[in-house]
Amino acid sequence: MTDRQGGFRGWTAARKGVLSGLRFTSLRLRLVVVFGLVALTAAVSASAIAYWLNREAVLTRTQDAVLRDFEQEMQNRAGVLPEFPGQDELQHTAGQMAVGGQQFSVLLVAKDRDGRTVYGSSGGLNGFSIEDVPASLRTAVNKEQPLTSNNKSPYHLYWQRTVDDGTPYLVAGTRVIGGGPTGYMLKSLEPEAKDLNSLAWSLGIATGLALIGSALLAQAAATTVLKPVHRLGVAARRLGEGKLDTRLRVSGTDELADLSRTFNNAAEALEKRVADMAARDEASRRFVADMSHELRTPLTAITAVTEVLEEELEFEGGGIDPMIEPAVRLVVSETRRLNDLVENLMEVTRFDAGTARLVLDDVDIADQITACIDARAWLDAVELDAERGIHARLDPRRLDVILANLIGNALKHGGSPVRVSVREADDAIVIAVRDHGPGIPEDVLPHVFDRFYKASASRPRSEGSGLGLSIALENAHIHSGEITAANSPEGGAVFTLRLPKDASEVARQDAEQQAGGGAQKGEGS
């Protein structure tokens, strides 16, 4: 049973390989089939015409020679017979007529003196008989034609081709002018049929050779035509892989050469456009990084001042005028918000520049979530459903950033209580953060992780900067993880974080796969 299943699987794999090869060379197959059909049509047409012309020529030549000799024999031998010949005389004359070079059989029919019909056959009593002559031919031979200016003879020579047991025959008959016996001739056309069969076989072989030659020619033509197309496909794949310096070698002045030139021009324009965009993107990142870095120095001083002002606000009987107290509180909150924005911008810049790196450590997920909630005084507003002992090798700082953004977003825009649950799935850790608010509008769901996106355009000065969820998603991606947002059927929004248990192993496998894929692609190109 195992051998049979293995053989079946092998046959199935082989068939799939053949079918994939056919699909891969479908244009080649179409060219070969079209060439083959054109060649087959031309060869069959030419062979049919040649066979028909040769057949008519051979049969007509043989027929004319036989009929001419038969007519001459009828005049020279049957014409000298008496008016009422006997059977012996007819038999002797028929034998003499059949001795000629055409080798046909002769039957003579006449009336004796008693009015009886007598027959004389060159083949004896068992030879050519009147039953071998078609009735229509006998009728035409014995019918007397009226004499006119165009018809000088009352009787004419008539002939007909017949087939008996697969053998073709020529049957002819005429009467002696001026009175005399009626003569019939039977000539076998088997030699001519054999010659025509040989001709048909020769033409069939020639047709087959023409078909094979056309297939080889089509293969050569397809190879010539499709090789540049294949090179173009390989170059297009390399271009799609980001190898923008890919170019095609141009040779000739045909349409394929024009296509190669067009591809090279398009690749050159694309490379220039991408280089310009990369330069502008790099300049933009550098500007954001420099701006964030330059803002940190004055922000540090401003933050120190606002901390002093905040202490004065909290001190009873302080020296701050009650009239300016709201302005001071606004300065303190906006300074804190600006400081968070600068930190977030610098983090985004590191992600865009590709300089963000993981600092991995063995983390107890439940302890990490508890520490995150405790550090931000969210213990009363968050329910935790996580068993201790679920460990993963992750970056603790980045995991804290992810959790802080997800839980803080749920507390800010959703409804309490916020529930955080943890479960294991295969080689991954799944953390779900669910709130009990109104949920996320359907038109907002696709954009919740976009940078600077805010669900309500009427509240541009909300406490958030619009970067928190996007930074959380980037931190998940650097772990080879993912975050998804959805609405719970019971109400509220659910953010699901999925992280591998060992981020270092996943990162190593991804690097090896990319390196292997690049090497393989390089070889294939």
Side-chain angles (χ1 to χ4, degrees), residues 326 329-330 332-341 343-345 347-348 351 365-366 368-387 390 398-425 428-477 479 481-499:
R329 293 188 180 277
L330 178 62
V332 171
S333 62
E334 289 300 314
T335 301
R336 186 179 294 111
R337 179 171 176 269
L338 181 60
N339 195 33
D340 292 340
L341 177 61
E343 292 295 331
N344 287 338
L345 286 175
E347 186 72 7
V348 168
F351 282 122
I365 302 299
Q368 184 70 27
I369 298 175
T370 302
C372 174
I373 297 173
D374 185 38
R376 292 161 181 84
W378 290 338
L379 289 175
D380 295 336
V382 178
E383 297 179 357
L384 178 60
D385 180 13
E387 296 181 1
I390 300 177
R398 296 188 182 278
L399 178 58
D400 182 76
V401 171
I402 298 173
L403 294 173
N405 278 292
L406 294 181
I407 299 174
N409 183 78
L411 291 172
K412 187 182 304 180
H413 302 290
S416 297
V418 173
R419 182 178 179 83
V420 181
S421 59
V422 181
R423 62 183 177 88
E424 293 182 276
I429 303 296
V430 179
I431 303 174
V433 179
R434 178 194 168 192
D435 61 52
H436 290 76
I440 305 174
E442 294 297 328
D443 58 333
V444 175
L445 269 176
H447 306 286
V448 293
F449 295 105
D450 294 349
R451 293 176 181 177
F452 298 106
Y453 181 81
K454 296 183 180 180
S456 177
S458 63
R459 294 188 292 119
R461 289 186 55 84
S462 63
E463 294 183 9
S465 63
L467 290 174
L469 290 179
S470 65
I471 291 176
L473 183 63
E474 293 290 349
N475 278 297
H477 285 169
H479 282 89
E482 187 60 61
I483 304 177
T484 57
N487 288 316
S488 174
E490 291 82 11
V494 179
F495 286 83
T496 304
L497 169 65
R498 187 182 183 93
L499 296 175

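Computation of the quantities below employed the complete heavy-atom set of this structure, encompassing side-chain atoms and omitting hydrogens, waters and symmetry-equivalent molecules.
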Might you point out which heavy atoms bring [X] and [Y] nearest each other, and give the distance in Å?
X	Y	value
Val430	Ala425	CG2-CB, 4.0 Å
Ala386	Val422	CB-CG2, 3.6 Å
Phe449	Leu473	CB-CD2, 3.8 Å
Pro441	Gly439	CD-O, 3.9 Å
Val494	Ala432	CG1-CB, 4.5 Å

**Request:** Evaluate side chain to side chain contact (heavy atoms under 4.5 Å, CB included) for Asn475 paired with Asn405, printing each intermediate quantity in order.
**Result:** CA-CA 11 Å; Asn475 278 297; Asn405 278 292; over 6 Å; no
**Request:** Using ring pair (Phe, Tyr, Trp, His ring centres under 6.0 Å) as the criterion, list what pairs up with His447, not counting sequence neighbours.
**Result:**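 With sequence neighbours excluded, His447 shows a ring pair (Phe, Tyr, Trp, His ring centres under 6.0 Å) to Tyr453, given in chain and number order.
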To the nearest 0.5 Å, tell me how far [X] [atom1] sits from [Y] [atom2].
X	Y	atom1	atom2	value
His477	Leu499	NE2	CG	10.5 Å
Leu399	His479	CG	NE2	6.5 Å
Thr370	Ile365	OG1	CD1	11.0 Å
Leu411	Leu406	CG	CG	11.0 Å
Phe495	Ile407	CZ	CD1	12.5 Å

**Request:** Give a yes or no on this: more than 12 heavy atoms of other residues, nucleotides or ligands lie within 6.0 Å of atom CG of Asp443.
**Result:**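 Yes.
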**Message:** Run the side chain to side chain contact (heavy atoms under 4.5 Å, CB included) test on Val382 and Ile369 for me, step by step, so that the C-alpha distance in whole Å, both residues' side-chain angles and the decisive distance to 0.1 Å come before the verdict.
**Reply:** CA-CA 10 Å; Val382 178; Ile369 298 175; over 6 Å; no
**Evaluation steps, side chain to side chain contact (heavy atoms under 4.5 Å, CB included), between Ile429 and Glu424** = CA-CA 5 Å; Ile429 303 296; Glu424 293 182 276; 4.0 Å; yes
Using the test side-chain hydrogen bond (donor to acceptor under 3.5 Å, both in side chains), find all partners of [X] that sit at least two apart in sequence or belong to another chain.
X	result
Ser488	Glu490
Asn409	none
Asp385	Arg419
Arg423	none

**Item:** Validation row: Arg376, Cys372 side chains within 4.5 angstrom (heavy atoms)
**Value:**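 SC-SC contact between Arg376 and Cys372 confirmed.
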**Message:** Using side-chain heavy atoms (C-beta onward) and a distance below 4.5 Å, is Ile402 in contact with Ile431?
**Reply:**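 Result no, sub-4.5 Å side-chain heavy-atom pair not found.
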**Request:** Please say which of Val433, Leu497, Thr496, Val448 ends up in a side-chain contact (heavy atoms from CB on, under 4.5 Å) with Ile483.
**Result:**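 In the set Val433, Leu497, Thr496, Val448, the residue that makes a side-chain contact (heavy atoms from CB on, under 4.5 Å) with Ile483 is Leu497.
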**Prompt:** Please walk me through it: do Trp378 and Val418 pass side chain to side chain contact (heavy atoms under 4.5 Å, CB included)?
**Reply:** CA-CA 10 Å; Trp378 290 338; Val418 173; over 6 Å; no
**Message:** If the condition is side chain to side chain contact (heavy atoms under 4.5 Å, CB included), which residues does Asn487 pass it with, not counting sequence neighbours?
**Reply:**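 Side chain to side chain contact (heavy atoms under 4.5 Å, CB included) check on Asn487 returns Ile440, Glu442, Leu445, Ala493.
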**Prompt:** Quick check: does any side chain N or O of His436 sit under 3.5 Å from a backbone N or O of Pro417, one acting as donor and the other as acceptor?
**Reply:**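 Yes, the answer is positive, given that a donor and an acceptor are paired below the 3.5 Å cut-off.
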